[in-house]
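Read the structure below first, then the notes.
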Number of protein chains: 4
Amino acid sequence: MGVLLRRLIDEGCVSDPESPKGRLLAAAARQFRQKGFSRTTVRDLAAEVGILSGSIFHHFKNKDEILFAVMNEVVIAMEERLQVRLSAATSTRDKVRALIENELQFIHGPTGDATAVLIYEWRALSEPLQQKILERRRAYFKLWHDTLIKAEEEALITVEPDCLRQLLHGAIVWSIHWYQPQGPMPLESLVDQVLSLAIKSE
Amino acid sequence: MGVLLRRLIDEGCVSDPESPKGRLLAAAARQFRQKGFSRTTVRDLAAEVGILSGSIFHHFKNKDEILFAVMNEVVIAMEERLQVRLSAATSTRDKVRALIENELQFIHGPTGDATAVLIYEWRALSEPLQQKILERRRAYFKLWHDTLIKAEEEALITVEPDCLRQLLHGAIVWSIHWYQPQGPMPLESLVDQVLSLAIKSE
Amino acid sequence: MGVLLRRLIDEGCVSDPESPKGRLLAAAARQFRQKGFSRTTVRDLAAEVGILSGSIFHHFKNKDEILFAVMNEVVIAMEERLQVRLSAATSTRDKVRALIENELQFIHGPTGDATAVLIYEWRALSEPLQQKILERRRAYFKLWHDTLIKAEEEALITVEPDCLRQLLHGAIVWSIHWYQPQGPMPLESLVDQVLSLAIKSE
Amino acid sequence: MGVLLRRLIDEGCVSDPESPKGRLLAAAARQFRQKGFSRTTVRDLAAEVGILSGSIFHHFKNKDEILFAVMNEVVIAMEERLQVRLSAATSTRDKVRALIENELQFIHGPTGDATAVLIYEWRALSEPLQQKILERRRAYFKLWHDTLIKAEEEALITVEPDCLRQLLHGAIVWSIHWYQPQGPMPLESLVDQVLSLAIKSE
DNA sequence: TATGAATGAGTCTTCATTCAT
DNA sequence: TATGAATGAAGACTCATTCAT
């Protein structure tokens, strides 16, 4: 368990994956991703962690809150992580690379299920909870925005920053459907390919 | 009504949008996109067309078949249309542009709802019907593949063709979530931006 | 077509089996027997005679009336036929044999479907129509009763007539489930076996 | 509660008639008998037991399983009981009497509803479940067969054993429709009448 | 906290019946 | 008479949620 995760758990932002709540969230992420939120029943979730459906409501007020929790954890982690990576990057080019790498790692790493749910089950979340996630999400988008603005100033990119952000985001997110982390192409290579779309290698 | 559409209707590939069946499909596309397949009830659909829920099953065997029909219409039209565009394009560069333009027009034009459903409600379709759509979809992907192979041969692109196809597809598809056709940026401009990701302007 | 049937048709008691109505009744008898009344849809019936479900209601007021018609035809024919047979029989023993033979022939002959429906779909018929059938049925039971009374007077039977009637009727009716007319045992032989239950051969 | 029933409950073969499941089965037997399986709604059943229709599916997977459970209980009990009776009977004549008495008691005793359902709602049961019942039913038929074979060897009966079995079974089963246990004729008397059909009193 | 029986609103689907053409 | 689209009531079944134990 990394030090970042440790801290997030201690702060109550994410659940200990060993706890019943944490195991429930992992199961939820996996099943929501695979079948979609509305085709996943609380019974399905309960079965996976070995409890009965009624017991779920001791951990979450309702099914909606489970979806929210899944999304919330990943939203927080994603932004925290990106901040760390951006600080570590020296050049603006490396910062752009960090944007891409961070997102691809969340999608294809251990948090992949939750990330996919965040992206594809958005509409399933009730309006008020959507707002809460969106609030958190803004900080993340800001990091993208600021970085790409800098890249534009340095003439690294030609496409308008916000448009580019969306295009890259789309290209990255879609990799859920075709990219195989244990296939022939290593993730770093995919990062480079996406980067090459944004920034012309000299 | 265009001549292509006219022909598709006559061939029975798509439904006349004036017929009850056609109006049902339009409503389905709209609602499936907005709320998702499983959160859309047959009552919702019937209400929009002004019939009772039971009457729906006069036109479709079950809810699944409605989803299938929505997807099927757009899959067929999308490929037919792309074929026409590719034939019209002279240079390989123009052909690549046609790939992008065709998809963006389907997403942001009058068939936008059905196209979004095709992309985002895939998992909601039953396995056997998925196969039938996939069969038809292959021809479309082949057109992309062949065109990008040619582009690679002419050194227009640097990223490996199939990888590039997926990246572009993702970037294009994601525009569902942010691009506004009646906003400040015309669609042609968006086409160019995406094209610029793929092909370095000299 | 026999002379009896001819007369019944002319009198409007049964339908001409060539007419749409007659073909509908034959289909109904067959399907009601096979699947039961409530598991047979009017669509099923319409399909078998090659019309659409709506058209059925030009021939019958409702589904109930179809069941009634099936039962009514066979009830009338059964009694008419029995009367003829009883008149032909000379000895009381032959008359008892006629009771048994008549019922077995209706069950295993061309009217088998309708007869089975009469027996096994009784509860499916609405109360008022049940009464109408019962009215007709009484004459038939009377023939059994009178004959068995005579048999008792002649000391041919030992069991109380009405009780015997029910026991024989049950034994005969159940043959629907096991007796094969084209099997090794000819129907006449079955008649004799049943008769031997009722009347001790000296 | 008899010792046999007690054991069947403990073995899980039949449900405790006090339990919700047991009360549901009793209601089902009664209603399936009275109205037939397909004309009985799960709401009807739930209402009789004082729960809501949705709650039924806590106890049974679907409506079919209820019908199966009703039939299964009686099939098991019927065979167990017959075995006990046959063991107790000393002469072959008494064994034949036991066959008849056992069946008549199941039909007109407290298990009458379930027995009637077993006999008259056979077609309503789905094919795979029919097979499961049939499997259990075979042992019961075997007891009849073996006993009647013995009776034939001792020249007690004249009709071929399997044919006689069906004829008697039919006569017995039909008593559902006319015999009144609390009428003038005691059940033992009915048993004797049926026996007299099979075996000539010397 | 966990259980599991019960709830009750809601879902898809069926089907006899109607009726304008 | 036949059609076939539409009706609308009713059916089986699902499932998030509650709550006494």
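A, B, ... follow the sequence lines: proteins, then strands. Residue 1 opens every chain. Just so it is clear, the model here is predicted, and its values are computed rather than measured.
- Along DNA chain F, read 5' to 3', the first and last nucleotides having any atom under 4.0 Å from a heavy atom of chain B are F:dA5 to F:dG8.
- Mapping D:Ser38 and C:Arg43 onto DNA chain F by nearest heavy atom places C:Arg43 at the nucleotide closer to the 5' end.
- Taking the six-membered ring where tryptophan is involved, the planes of B:Tyr120 and A:Tyr120 are tilted, since the angle between them lies from 30° to 60°.
- Residue contacts shown for B:Thr40 are limited to sugar-phosphate atoms, with no base heavy atom under 4.0 Å away.
- Looking at B:Leu134 and B:Trp122, their side chains come closer than 4.5 Å, going by heavy atoms from C-beta outward.
- A donor-acceptor contact shorter than 3.5 Å is absent between the side chain of C:Ser38 and the backbone of D:Ser38.
- A donor-acceptor contact closer than 3.5 angstrom links the side chains of A:Gln131 and A:Glu127.
- Between the CD1 atom of B:Ile56 and the P atom of E:dT14 there is a distance of 13 Å, rounded to whole Å.
- In this structure, D:Val42 reaches the sugar-phosphate backbone alone: every heavy-atom distance under 4.0 Å involves primed, P, OP1 or OP2 atoms, never a base.
- Separating the CZ atom of C:Phe57 from the P atom of E:dC15 is a distance of 13 Å, rounded to the nearest angstrom.
- Nearer to the 5' terminus of DNA chain F, by closest-nucleotide assignment, is the contact made by B:His58 (compared with the other of B:His58 and A:Phe37).
- Ion pair B:Lys21/B:Glu65 not flagged as a salt bridge, since none of the NZ, NE, NH1 or NH2 atoms sits closer than 4.0 Å to an Asp/Glu carboxylate oxygen.
- Between the D:Thr111 side chain and the D:Ala114 main chain, no donor and acceptor come within less than 3.5 Å of each other.
- Each of B:Asp64 and D:Gly50 lies near DNA chain E, and the nucleotide nearest D:Gly50 is the one positioned closer to the 5' end.
- At the heavy-atom level, D:Thr41 lies under 4.0 Å from the strands shown only through sugar-phosphate atoms.
- When rounded to the nearest whole Å, the span between CG of B:Asp44 and P of E:dG10 equals 12 Å.
- Residues passing the side chain to side chain contact (heavy atoms under 4.5 Å, CB included) test with D:Leu129 are D:Asp64, D:Phe68, D:Leu125, D:Ser126, D:Lys132, sequence neighbours excluded.
- A salt bridge between C:Arg123 and D:Glu121 is present, with a side-chain N of the basic residue lying under 4.0 Å from a carboxylate O of the acidic one.
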In dot-bracket notation, what is the pairing pattern of DNA chain E, taking Watson-Crick (N1-N3 plus N6-O4 or O6-N4) and G-U wobble (N1-O2 and O6-N3) contacts under 3.5 Å, with [ ] crossing and | for other strands? .||||||||||||||||||||
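- Put simply, the side chain of C:Ile133 reaches to within 4.5 Å of the side chain of C:Leu118, judged on heavy atoms.
- At whole-Å resolution of the value, NZ in B:Lys61 and P in E:dC12 are 17 Å apart.
- At a threshold of 4.0 angstrom between heavy atoms, the contacts of B:Leu52 include nucleobase atoms, whether or not backbone atoms are also involved.
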